[in-house]
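Treat the numbers as computed from the prediction; the structure is a model and nothing was measured. Quick note on labels: first sequence line is chain A, next is B, and so on, each numbered from 1.
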2 protein chains.
Amino acid sequence: MKNNQFARLNVDLETAIDELQQIRFYDEPIAKATNGVFTYRLLLRKAFLSVKTGAGFDEKLANYLATPTLDLSNWLDQEKPVTATVFYRVALQLLGFSVDVDFDLTDPLTAMRTIQLPLHQSKQVTWTKADVLAAWYLLLTTHTKTGQTYLDHLATNGYFTNFYTLPTDQKPLFFNGKAQPVFDTATLIREVVYVESSVDSDHDGQLDLLKTEIIRPADTNTGLKIPVLYTASPYNQGTNDEAGESMTHNVNVALTAKTPDQTRYEDIAYQPDQADTLPQPRAVNTETTIAAETFGREASYTLNDYFLARGFAAVYAAGIGTLDSDGVQTCGSVEQTQATVAIIEWLNGSRKAFTNRTDQVAITAWWCNGSIAMTGRSYLGTLATAAATTGVDGLKTIISEAAISSWYDYYRENGLVVAPGGFPGEDADVLAVETFSRMLAPADYRRIKPIFDAELATLQAGMDRESGNYNRFWDERNYRKNLSQIKADIIMVHGLNDWNVKPHNVERLWAGLRGLPITKKIILHQGQHIYINAFRSLDYTDMMNLWLSHELYGLDNGATTVLPDVLIQDNLTPETWTSYQDWAEPSVSKQRYFFANDALVDAPATHSAQSFNDHLPEAVFNQYRDHNEQWQQDLLTDSKNNLADARLLMKTSQFAKDRTIDGNVAVHVSVAVNQPLGLLSFQLVDYGQSKRFNVSPTTLNAHGLDLGYRWREDALREFTLANHTTPFKMITKGHINLQNRQHPWQNDELKPNQFYDVDISLQPTFYHLPVGHQLGLVVYATDFGMTVRGNQDLRYSIVLDQSFVDIPFK
Amino acid sequence: MKNNQFARLNVDLETAIDELQQIRFYDEPIAKATNGVFTYRLLLRKAFLSVKTGAGFDEKLANYLATPTLDLSNWLDQEKPVTATVFYRVALQLLGFSVDVDFDLTDPLTAMRTIQLPLHQSKQVTWTKADVLAAWYLLLTTHTKTGQTYLDHLATNGYFTNFYTLPTDQKPLFFNGKAQPVFDTATLIREVVYVESSVDSDHDGQLDLLKTEIIRPADTNTGLKIPVLYTASPYNQGTNDEAGESMTHNVNVALTAKTPDQTRYEDIAYQPDQADTLPQPRAVNTETTIAAETFGREASYTLNDYFLARGFAAVYAAGIGTLDSDGVQTCGSVEQTQATVAIIEWLNGSRKAFTNRTDQVAITAWWCNGSIAMTGRSYLGTLATAAATTGVDGLKTIISEAAISSWYDYYRENGLVVAPGGFPGEDADVLAVETFSRMLAPADYRRIKPIFDAELATLQAGMDRESGNYNRFWDERNYRKNLSQIKADIIMVHGLNDWNVKPHNVERLWAGLRGLPITKKIILHQGQHIYINAFRSLDYTDMMNLWLSHELYGLDNGATTVLPDVLIQDNLTPETWTSYQDWAEPSVSKQRYFFANDALVDAPATHSAQSFNDHLPEAVFNQYRDHNEQWQQDLLTDSKNNLADARLLMKTSQFAKDRTIDGNVAVHVSVAVNQPLGLLSFQLVDYGQSKRFNVSPTTLNAHGLDLGYRWREDALREFTLANHTTPFKMITKGHINLQNRQHPWQNDELKPNQFYDVDISLQPTFYHLPVGHQLGLVVYATDFGMTVRGNQDLRYSIVLDQSFVDIPFK
């Protein structure tokens, strides 16, 4: 295995000793210790927390080998000098690595390097007391075999329980630039308030109240002011899965011709409505500091759980249109953004909240230091992105994971209805119904139903599933229009294989942020639509700790420079994370491959046109309709299968050396179709027999990651190689309506059998193509997993030498 | 969905009120309430725990519909009489069922019946106060949509937190015959002691010390004596996965001929060795009541976690040959059983333990009431079974899940090496190495390695992988020899699709217990090798609570008669559990089907012999060797595939009505083979296109089941139907060495090409075969998943009309 740590700070000895003193590893006896080995023994005694007796300590020491033949207890008794070899032989054992499996007893230093664990460099072979202290400091910051620092490992065994009672002026406690778990999670305070938002989305003449769940350490009751990790999740009060599913649109429908028009962006750009007169805020009857409602188990994000032990509050709100809140679901509207921001405004002191919905008893976030971060994945990260684009005060940073930056890029593409991967027929209305959790309260739903039904009808008209075009509805839901307002620093995390929230969402956001005076970082992993905070090979949680300690507590820990700007997981070798200067930078040089018969070639070859027809025999169509996986497999399989006449499949020759594709792959085709309508789809493919990553991470240990001491747990995970080889893997894909050749908002004329130039940028990628493999491009029409499936007699012809793909090679 | 509750007690009104008073639902205001609706409002107020204000309570009430048009708050204000329809309309909402999805608002009573939720029967339409109280009591004992009682649901929201400080003489607190979570899991005490066993398995001249982890409520420190759930798990101090894997035996080896002999059982029966002189027990220097070691996170069983909140201690011990204990791994030996029992002897006061391994400071289980149960699955349940057969005092009951009752039935079958499903090449030595966790302490391992290696060599000789025969080694590991010593009551749980620990293990145990004067119960589910305590459709946890409250606290709750003796999950309809009088009862009538050409028929048909050859082309063999799933699929597929000449496949005609197979399927064949060696395998198959259960349960909610209040959580699961139909499913299987026709310990002569009668009992089953399906029997030799795979030229001939299968139909 390989360890990758990016959040570890190198400090000088003085700082190390000072910090060791703060976490009570350096104390009076150690100060008085006269040499390295005495110091070492005293440090070890503090690390063996479970035993109360000297004999018990010796028994535990006797489990470890200090030399290949001498146990640690006996070795310490000999009072010989500590050496790097002894120290790291023991260190590997303390970190949970196994003899023979992970390292060779005779050569621990090589193992340290191979596993990528940091080594203390000493000028002398026999270590001084200073060496031992410096190495111990380093060890505490080093990851164990189960993906947490050794100090966190000690913490999960109770190391910091004696720190729970520290006075508030000594909290939080930072070590190596990161907040430590000195807060008792058994005494967390959980309370509910109702934040009065600035919107009246259900038009009942009252500003929408938003149920807000707060979890904060008890220390806040004795004066500690702390920052907040706020997660806005429309899902977290429950969902209407059956109702949502019943709304799913039929995708087995024909693509239809659109009337050509000259629509300009200005014609469809979103402008706020003439402001309706908003209701007056509620009057305040009295004020209190004590909440009147609590809750059981929130729908938590384990990253927030980790920080609850470290001096951060967690706040969850589901927003308008959810159980116990007012309003309706609008799926990405400006009103939803305003409601999302309302919670932050309450936390920063500029907005009111009440203890219940009736008594008008106001309550402030008196325990909050005014610094807020937003966290969460998918819709949660989306709302974090939306909130950031308002420039709201107090929002210092967002960590947006797998987030939508424009809803058009989620449900549409180039004038087509294109579903999130795995969810054919889903659309904005389906998601609105699914998350409208007021439905879970039957009496409340009965009251709100007529209003929601009307809103839903408006939403359905706005999303315009018929044309698939970009319009005012989608422009309202394009957060990238407002990037210039962003004041918060941003960390983006996205899966390079995320076909749910596709990579254009993060890439276009990243591109839009390039020139802005904020700190922005991006992490790209090999997952689909997942969280990565429990991965063994990456210190993601430590990175976020370094980041949030800096952003929310103002700690001067160098987080903005220590953390890489661009961090990308390799797709060939597990546990390999590399930092880069940039990603998908437009000026990356591109290599052009022209279409040819079954081949991608360096220069235009043949002027002939190749054709394929999208129509399939009914039995074949039905089979693919019901088994999208089989369709995808056949599509990329280079054989005379059911799809052989329904696609073009072209390959480069084998690559003579490794290459890395970085960014947007652009395709240009000269295409004609036999009807006045049509669509094209493209998949860029890595061809070559290889053991590739499994699609989903492997769970190494279902309860392997403690988030604190006797607190919540997460499943430790890692991407692993599949047991068997596969012949290909899709790298990226794209779709376009041939009537939207210029703009997604404008319908172009499409005359049957006339050739048109079409340009499309596929979803951006970062892909390491190994030597000997071939790049392939598959050109087809119906995408059984994402587009409508009309099974129409649409015959597409492509002029080969006028068509090409541009590959950005790093 | 369908609810199945077997642990609910029906009580009279007086008892109900008394119990409601104990859990503080019945109090002074309710005693004074003058009618049903006032009573109802007061009860609801206690159930809405999260809100502190009257207005907040009214807001929550306003979420529920009391009538199709009136919310519960308004309805209560009208002070109309409570009716069954109103009560159960609200009850369904309180239990988490969804309008339209789970029930129709206009007809809640039908939904209650359909979901199998209990209804209070009243003589009058308008309910009296007594009706409301009785119905409320019933509601508290009724399961929610997420598979726990409504009272447990309230508990997970904090209902019982005010009970934590109850004086010890009022604890534990029982309701409806089951212990309630009135113990604070945030203050659990965790301690380690070292129990001195009665064995010296590592021959170091000292009795083996066994590390024992104890978790007990803090109330024990103030005088409460409590029982123990003891889980003996050789895995729970860690495992040596890589070392174990490297030991895995090559199964691509030839079957060899065995020399005929006349071995009798008496020749190989296990008798204890002449007792070596055992070391003297350690002297006691001092005694203490305070442990000197604690621990972090134990490897827990979630059922134990649930009971930790309810007044039961949990004790985990890994036994001899594990990290921090003495001894060596022996895989099922008598010494291992004695070591397992040593923990119980300490708990019952008849054995010593020490605070560490050195100081000889003795500590008793002074907090224990002397009543112990054992829990756990697989090896854990196996050791529980082993312990029960010693008749040790204090062991009141075991809940043995998926347990081995004879190790021969785990690693061998009828003179053959037969692997646990999914683990070809595993054997007793592999498991011994895998669980020898002293290897995880490198210095300790260095000291013990020579002794363990010698023990391992002895173990390998004893298990005799060459012959596959039953011998002294296996006889020592046959716990069923000692059933008559059992004093503990037993609950057995086993999966009817468990091909790891195969069903003969539980069936032969069940059969052996029939005549014994203990209470025994059996639960058979449709899973493989799994736990079932987090299934939504069955109140398994409640059943165990009723059981253990009775067995360990002596509560007179009728558990022995209330709980069904035999409870079996249906394989056709999800969420269907039925109680029976018995299972696999030998006198069940049998239907005989004779072999015919491709058919199973009612009367002998043709005297001809059919043949098949076990030898496969090398490419086919290699394919099946690497892809056992493909082999299994082809084996049962009735087509001219690669295995068509390597098996007989016979089917009955379609069944005209549903039938249920109950117990042991017996096959008799007249067989000849062309060499002096051979084996036969059989699979009984259900043929017919159907949507069958998914192989593994579906996770409904990853954190859906709270085990207490802010305590650990489990994933809520249920068996669901697959999305697609399949043409067949294996019901059961069996294997036999043709040289072990009479006994697994005796080698019979096998002359080439001579016909012999062979009888075999397949693994027992309980299988509901639907109308229109066919029963199939596949006769073959090499089982790629379980037997050796010699790919030998072995031609088997079977005389059809002298061969038959007897099916026990219920």
*Against chain A, label B:His627 side chain, backbone, both or neither, depending on which of its atoms sit under 4.5 Å from a heavy atom there.*
side chain

*Yes or no on salt bridge (Lys or Arg N to Asp or Glu O under 4.0 Å) for B:Asp71 and A:Arg446, after CA distance, side-chain angles and deciding distance?*
CA-CA 9 Å; B:Asp71 75 40; A:Arg446 187 172 179 280; over 6 Å; no

Per-residue contact mode, [X] against chain B (heavy atom under 4.5 angstrom):
| X | result |
| --- | --- |
| A:Thr355 | neither |
| A:Asp58 | neither |
| A:Val51 | both |
| A:Ala186 | side chain |
| A:Tyr194 | side chain |

Among [options], single out the residue with the greatest number of heavy-atom pairs under 4.5 Å to chain A.
| options | answer |
| --- | --- |
| B:Ser98, B:Ala243, B:Ala62 | B:Ala62 |
| B:Val192, B:Asn157, B:Thr294, B:Asn74 | B:Thr294 |
| B:Glu191, B:Gln93, B:Arg438 | B:Gln93 |
| B:Thr53, B:Leu188, B:Val99, B:Asp626 | B:Thr53 |
| B:Thr69, B:Leu61, B:Asp241, B:Thr187 | B:Thr69 |

*Show your reasoning for whether side chain to side chain contact (heavy atoms under 4.5 Å, CB included) applies to B:Glu713 and A:Glu713.*
CA-CA 10 Å; B:Glu713 299 161 345; A:Glu713 300 161 344; over 6 Å; no

Most heavy-atom pairs under 4.5 angstrom with chain B, which of [options]?
| options | result |
| --- | --- |
| A:Ala441, A:Pro442, A:Ser73 | A:Pro442 |
| A:Leu70, A:Asn723, A:Asp324, A:Leu105 | A:Asp324 |
| A:Arg190, A:His724, A:Arg297, A:Met439 | A:Arg190 |

*Nearest heavy-atom pair of A:Asn356 and B:Gly56: which atoms, and what distance?*
ND2-N, 3.9 Å

*Without swapping roles, check the side chain of B:Lys52 against the backbone of A:Ala291 for a donor-acceptor pair under 3.5 Å.*
yes

*Go through the side-chain N and O atoms of B:Glu59 and A:Thr358 and say whether any donor and acceptor fall under 3.5 Å apart.*
yes

*How many angstroms lie between atom CG of A:Leu49 and atom CZ of B:Phe295, to the nearest 0.5 angstrom?*
14.0 Å

*Could you state the interatomic distance from CG (A:Leu323) to CG (B:Asn63), rounded to the nearest 0.5 Å?*
6.0 Å

*What residues form a ring pair (Phe, Tyr, Trp, His ring centres under 6.0 Å) with B:Tyr164, not counting sequence neighbours?*
none

*Using non-hydrogen atoms and a limit below 4.5 Å, what part of residues 700-712 of chain A faces chain B?*
A:His703, A:Asp706, A:Arg710

